[in-house]
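Have a look at the structure below before the remarks.
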Amino acid sequence: MKTLDVLFTPADFAALKGRNLDNTLCVVFDVFRATSSMVTALANSAEAIIPAGEIPEALAIKHRIPAVLLAGERDGVRIRASLTGGADFDLGNSPREFTKEKIEGKTIVMTTTNGTRALRSCVHAKTVLIGSFLNLRATSDFVLRASPENLLLICSGTSEQTAYEDVLGAGALCDLLWNDLAQAEISDSAKMARDLYSIAKKDLLAAASQSRNGLRLSTIPELRDDVSFCIQRDTFNFAAALDTEGRVKKCIQ
């Protein structure tokens, strides 16, 4: 690897669309909760996830392919009929909703406030991986095998702000890769992410629980357990990526 960089805020998304990413592997983190939910869905035998930027786009895909399931959130809760002009979405954005009974063999169209937007911003990269604590080691192993010229970690954030838990996820990946980056040009943001993770890793759940999103989720009884779920390390042993058709699928090892 020649370069390692971390983007902290959604303000960087617009610039990404015009950036040459032909030789770049991107890893997108939306720890609370989109990327964690995508990885969980694939672990529970979903066929694929199609990221949609906005609700009308998701509805249009559903109109073309009626068999897909609709999943997503606005302001943290499942998208309801009041926002669609029709029916509620089938699923929200809690990874604990994506059970095998509900999603096995299904393609899921997902739209979230930040995570799917982040994925769409770098869709033109050579490779785009789905980052989470749930499959962090497998993601690290994939990066090492791919040996990209440039590695870019993208934190999805919250609204237009940085999300602490995403920075911790990026920092944890930096930490796993650090010994293989001796010859790389490492940005200050990557060093900052790793340093923050190094401080928090002794009690990662406690640290993430104090993030803006962690605190918000803890106030919603049906969602508070998402915090501990999403901070689990290496529950799943596979990497996930966008394929050439823009669908999130398990990587072939």
Side-chain angles (χ1 to χ4, degrees), residues 10 28-63 65-120 130-135 155-159 161 163 165-166 169 205 208-209 211-232 235-236 240 247-249:
V28 175
F29 286 91
D30 189 351
V31 172
F32 292 155
R33 296 161 291 160
T35 55
S36 299
S37 292
M38 291 177 184
V39 169
T40 302
L42 293 174
N44 286 329
S45 301
E47 174 66 24
I49 300 100
I50 302 173
E54 302 295 340
I55 293 171
E57 181 185 356
L59 294 173
I61 296 171
K62 175 74 170 178
H63 182 74
I65 315 172
V68 301
L69 297 177
L70 292 176
E73 56 75 29
R74 289 298 182 269
D75 297 322
V77 297
R78 184 189 302 191
I79 295 167
R80 298 295 185 182
S82 59
L83 293 178
T84 67
D88 293 347
F89 271 33
D90 302 293
L91 300 156
N93 189 35
S94 168
R96 295 176 299 113
E97 289 184 74
F98 291 79
T99 61
K100 193 168 187 176
E101 292 75 20
K102 292 179 181 177
I103 66 169
E104 184 175 12
K106 298 287 189 178
T107 294
I108 302 163
V109 180
M110 180 182 285
T111 176
T112 69
T113 308
N114 280 57
T116 53
R117 188 158 58 107
L119 283 168
R120 295 290 293 273
I130 312 305
S132 76
F133 284 106
L134 301 173
N135 68 335
C155 300
S156 296
T158 300
S159 299
Q161 299 179 6
E165 67 278 3
D166 293 342
L205 177 57
S209 295
S211 68
R212 174 184 174 185
N213 281 325
L215 291 170
R216 177 179 55 82
L217 289 168
S218 70
T219 67
I220 306 171
E222 64 270 27
L223 300 180
R224 63 167 58 108
D225 288 341
D226 287 354
V227 176
S228 57
F229 186 98
C230 294
I231 297 300
Q232 296 175 98
T235 304
F236 307 127
R247 301 172 302 173
V248 176
K249 302 193 79 172

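Computed from heavy atoms alone, side chains included, the values below leave out hydrogens, waters and symmetry copies.
In terms of heavy-atom proximity, Arg247 sits nearest to Ala48 at CB-CB, 4.1 Å. Pairing each heavy atom of Val28 with each of Thr35, the nearest pair is O-CG2, 3.5 Å. A pairwise comparison of heavy atoms in Ser37 and Pro95 identifies OG-N, 3.1 Å as the closest pair. Considering all non-hydrogen atoms of both residues, Phe32 and Ser211 come closest at CE1-OG, 3.8 Å. Between Ser132 and Val39 the shortest heavy-atom distance is OG-CG2, 3.9 Å. Here the shortest heavy-atom pairing between Ser218 and Arg224 reads O-NE, 3.3 Å.
Judged by distance alone, the side chain of Asp30 and the main-chain N or O of Ser156 form no donor-acceptor pair under 3.5 Å. A donor-acceptor pair is defined here as one N or O able to donate and one able to accept, closer than 3.5 Å; no such pair exists between the side chain of Arg117 and the backbone of Pro10. In this structure a side-chain-to-backbone donor-acceptor pair under 3.5 Å is present from Lys62 to Pro66.
Looking only at side-chain heavy atoms (C-beta outward), Ile103 and Ser45 stay at 4.5 Å or farther from each other. Looking only at side-chain heavy atoms (C-beta outward), Ser159 and Arg212 come within less than 4.5 Å of each other. No side-chain heavy atom of Thr235 sits less than 4.5 Å from a side-chain heavy atom of Asn135. Taking 4.5 Å as the limit, some side-chain heavy atom of Leu119 sits within range of a side-chain heavy atom of Ile130. Side chains of Asp88 and Ile79 form no contact here, defined as non-hydrogen atoms less than 4.5 Å apart.
For Glu57, the side-chain hydrogen bond (donor to acceptor under 3.5 Å, both in side chains) test picks out Arg120, with sequence neighbours left out.
Ser94 pairs in a side chain to side chain donor-acceptor pair (under 3.5 Å) with only one of the listed residues (Asp226, Thr40, Asp225), which is Asp226. The side chain to side chain contact (heavy atoms under 4.5 Å, CB included) test with Met110 singles out one residue from Asn93, Leu69, Leu91, Leu70, and that residue is Asn93.
Rounding to the nearest 0.5 angstrom, the gap separating the OG1 atom in Thr219 from the CZ atom in Arg216 is 7.5 Å. Between the CZ atom in Arg33 and the OG1 atom in Thr112 there is a gap of 9.5 Å [rounded to 0.5 Å]. In this structure, SG in Cys155 is found 14.0 Å from CD in Gln161, a value given to the nearest 0.5 Å.
Side chains of Glu47 and Thr107: no donor on one and acceptor on the other come within 3.5 Å. Side chain to side chain, Thr158 and Asn213 meet the donor-acceptor criterion of an N or O pair below 3.5 Å.
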Item to check | Chi angles and distances behind the side chain to side chain contact (heavy atoms under 4.5 Å, CB included) call for Phe229, Leu134 | outcome: CA-CA 9 Å; Phe229 186 98; Leu134 301 173; 3.9 Å; yes
Item to check | Worked verdict on Phe89 versus Val109 for side chain to side chain contact (heavy atoms under 4.5 Å, CB included) | outcome: CA-CA 10 Å; Phe89 271 33; Val109 180; over 6 Å; no
Next on the checklist: Using side chain to side chain contact (heavy atoms under 4.5 Å, CB included), reason through Val31 and Ile231 one step at a time and then give a plain yes or no.
Outcome noted: CA-CA 8 Å; Val31 172; Ile231 297 300; 4.1 Å; yes
Item to check | Residues Ile108, Phe98; criterion side chain to side chain contact (heavy atoms under 4.5 Å, CB included); working and verdict | outcome: CA-CA 10 Å; Ile108 302 163; Phe98 291 79; 3.9 Å; yes
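Under the side-chain hydrogen bond (donor to acceptor under 3.5 Å, both in side chains) criterion, the residue pairs touching residues 66-78 are Glu73-Thr113, Arg74-Thr111, Arg78-Glu97, with sequence neighbours excluded.
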